[in-house]
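Chain A is the first sequence line, chain B the second, and so forth, proteins listed ahead of strands; every chain is numbered from 1.
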Amino acid sequence: MIGLGLRRGFVVTFKNFLRPAVTEQYPDRHVGLVGAAKEAGMNPFQFLVKKPGDSLKAIAGLATVPVAVEQSPRFRGNEFTFFEDRCTACASCAKYCPLGIIEIVSVPGKIDAQEGESYKLEVFDIDIGRCMFCGLCVEACPYDALHMGSQFERSKYVRDELIITKEELFDAEKRPSSWYRPQFEENTFDPFKETIVDHHDAGRHERPSDEDLKKKWVDER
Amino acid sequence: MAIKTQPVTVNLGPQHPSTHGVFRMRVMFDGEEIVDVEPIFGYLHRGSEKLAEERTYTQIVTLTDRMDYVSSMLNNQAYILAVEKLAGIEPSPRGVWLRMIASELQRIASHLVATGFLLQDLGALGTPLIYAMRERENILDLFEMICGARITNSYLRPGGVFMDAPEEFWPALERGLDDIVSTIDELEEYLSGNEIVFSRTKGTAVLSPELLINASITGPMLRASGVDWDLRHRAPYDYYGRITFERKLHTASDNYARYWVRVQEARESVKIIRQCIEQIEPGPVRPSFDDVPRLLRPPAGDAYAAIEGSKGELGFYLVSDGGISPYRMHVRASSLINLTLLRDMLIGGQFGDLFVTFGSVDLNMGEVDR
């Protein structure tokens with residue numbers, strides 16, 4: 001029967017027409033008066049009286065609010081989190097990286113230091129422009145010093161600015177994703193809201209003391 | 001008096017929205033009829049097989065993600081099976097169940113993409129594609145939940161998976177499976193009885209089962225011709241031996257049959273995932289680093305492992321010389337082999353059917369060129 005299938009198809013299309021939209025506006029979402037007032041933290045009447053200009057804009061449909069993109073806390077993003085007091089400059093991450101984009105230069109921290117004693121990190125560069133976010137560096141770190149964060153908005157005009165330097169890593173907010181870190185998930189850690197203040201919250205096991213390192217790598221050899 | 005026509009050669013692609021990537025065809029037309037087709041590919045060649053020769057076995061997982069980029073989990077699974085065979089690794093049971101769930105989800109996503117783009121090629125601009133992509137989005141959200149990435153997952157590791165699924169994954173998966181079933185119902189109601197789809201896809205590009213077997217074509221294309229060949233059933237890998245599922249066959253072997261088989265297979269995948277959820281057992285998701293070190297050194301030798309990918313038999317052949325990276329890796333890319341019958345499918349057909357036929361093969365240029 002010609003036409004019946006088509007009609008059934010149009011019923012499906014019409015049903016979808018009535019459903020709420022699944023697409024999201026990004027980076028800003030257009031809001032009306034109520035949404036704009038909510039963003040400003042007052043009720044619509046207050047907003048209308050206190051900010052008539054913004055209210056008119058909102059009524060005209062020109063007001064926008066930023067959208068918080070919902071992501072899993074495991075999201076492998078590009079804001080690397082680095083716990084400098086845990087890093088021993090072993091360069092496991094650099095060796096594990098499939099693209100070789102992590103550059104590490106280290107020098108012995110003390111004068112006349114034995115091999116394996118605390119090394120000082122001179123250079124720790126991650127060329128994020130070539131990173132493919134596989135997370136292997138995080139898996140490789142034996143002392144839980146390197147984590148992946150959840151952010152993803154990092155577009156730059158100059159390619160050199162995509163290199164994350166040591167200083168940037170040190171100063172960055174400690175906001176790791178829970179990727180490969182089950183202990184975060186036990187605490188229902190949300191990297192979009194919370195910051196780890198104490199790095200000991202993050203670790204599976206402690207960085208060994210300098211004596212232990214020396215014992216393992218120098219004395220027992 | 002018949003009007004005399006002369007053949008015209010038309011170049012299609014490589015930058016063409018209907019070529020599913022960068023594929024070029026030099027087509028000779030006589031009027032509306034296709035006289036000759038010359039497929040030209042290689043525009044997306046990245047040398048993955050060569051790159052694998054200087055990467056460690058774990059690092060290659062990231063390369064396999066990028067071969068067939070709409071079914072990364074299946075690529076991961078095929079590669080990991082080859083590594084496990086080569087190095088003699090006994091995988092962790094929970095890891096195997098998890099990777100079966102992940103790869104079946106990926107199969108559904110891949111079939112949805114194939115269906116959506118087939119309809120796009122038919123001229124149904126947007127609507128069916130958006131319906132399919134909307135459902136795929138939910139599957140990608142599930143992937144983000146278990147492995148932190150949506151497309152380039154790198155979830156599997158030799159011996160299992162990287163990390164156990166979070167607690168919130170299981171209720172989300174149940175919800176997602178119900179959504180998938182309702183979406184497929186909707187898609188079928190929308191398309192499977194549609195007269196336009198019938199008239200455009202039925203009876204076009206018919207291939208005989210003998211020809212398909214001779215060209216070693218596998219996957220939904222073969223099953224659409226009535227040949228009961230599914231590696232999950234014929235040579236069960238992982239725990240597919242403990243799963244019961246129906247192989248959906250169609251005998252027409254035309255474009256509609258290929259579409260139909262894909263949609264039905266997506267339904268079967270939902271059933272497989274439900275059985276996996278029932279049978280999954282607690283435990284570690286991968287062997288300890290004492291058993292399977294981070295830096296694998298498989299003994300010298302070779303291994304071939306194949307899975308039933310979304311597009312056909314997807315196989316990885318690895319040769320080891322005892323070092324940290326394979327001596328040679330070869331991929332049996334199902335898309336490339338399924339493409340070999342393109343001439344037989346197209347010649348004699350009409351211009352309007354060209355991209356429909358091309359879409360029904362469901363190829364992915366990332367896998368063809370690698």
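Within 6.0 Å of OH in B/Tyr327 there are 12 or fewer heavy atoms belonging to other residues, nucleotides or ligands. Dense packing is recorded around OH of A/Tyr26, with more than 12 heavy atoms of other residues, nucleotides or ligands lying under 6.0 Å away. For B/Lys50, the NZ atom sits in a loose shell: 12 or fewer heavy atoms of surrounding residues, nucleotides or ligands are nearer than 6.0 Å. The 12-atom threshold is exceeded at CZ of A/Arg19, counting heavy atoms of other residues, nucleotides or ligands nearer than 6.0 Å.
In terms of heavy-atom proximity, A/Tyr96 sits nearest to B/Gln59 at O-NE2, 2.7 Å. Scanning both residues, A/Arg74 and B/Ala165, for their nearest heavy atoms gives NH2-C, 4.0 Å. Across A/Leu99 and B/Arg55, no two heavy atoms sit closer than the pair CD2-NH2, 3.7 Å.
B/Thr152 contributes atom OG1, which lies 8.5 Å from atom CE of A/Met132 (distance to the nearest 0.5 angstrom). The distance from atom CG of B/Leu295 to atom NZ of A/Lys95, rounded to the nearest 0.5 Å, is 10.0 Å.
Among B/Val61, B/Thr62, B/Leu51, the single residue meeting the side-chain contact (heavy atoms from CB on, under 4.5 Å) criterion with A/Pro98 is B/Thr62.
With a 4.5 angstrom heavy-atom cutoff, B/Tyr131 touches chain A only via side-chain atoms. Within the 4.5 angstrom heavy-atom criterion, atoms from both the backbone and the side chain of A/Thr13 approach chain B.
Between B/Glu186 and A/Lys15 there is no salt bridge, since no side-chain N of the basic residue sits under 4.0 Å from a carboxylate O of the acidic one.
Note on residues 138-147 of chain B: pairs passing side chain to side chain donor-acceptor pair (under 3.5 Å), not counting sequence neighbours, are B/Glu135-B/Asn138, B/Asp141-B/Arg150, B/Glu144-B/Arg150. Sorted by first and then second residue, the salt bridge (Lys or Arg N to Asp or Glu O under 4.0 Å) pairs involving residues 65-76 of chain B (not counting sequence neighbours) are B/Asp68-B/Lys311.
Each of A/Val22, A/Leu136, A/Thr23, A/Asn16 has some count of heavy-atom pairs under 4.5 Å with chain B, and the biggest count is that of A/Asn16. Chosen from B/Ala149, B/Cys147, B/Ser154, the residue pairing most often with chain A at heavy-atom distances under 4.5 Å is B/Cys147. For chain A, the option among B/Val197, B/Leu63, B/Asn153, B/Leu187 with the highest count of heavy-atom pairs below 4.5 Å is B/Asn153.
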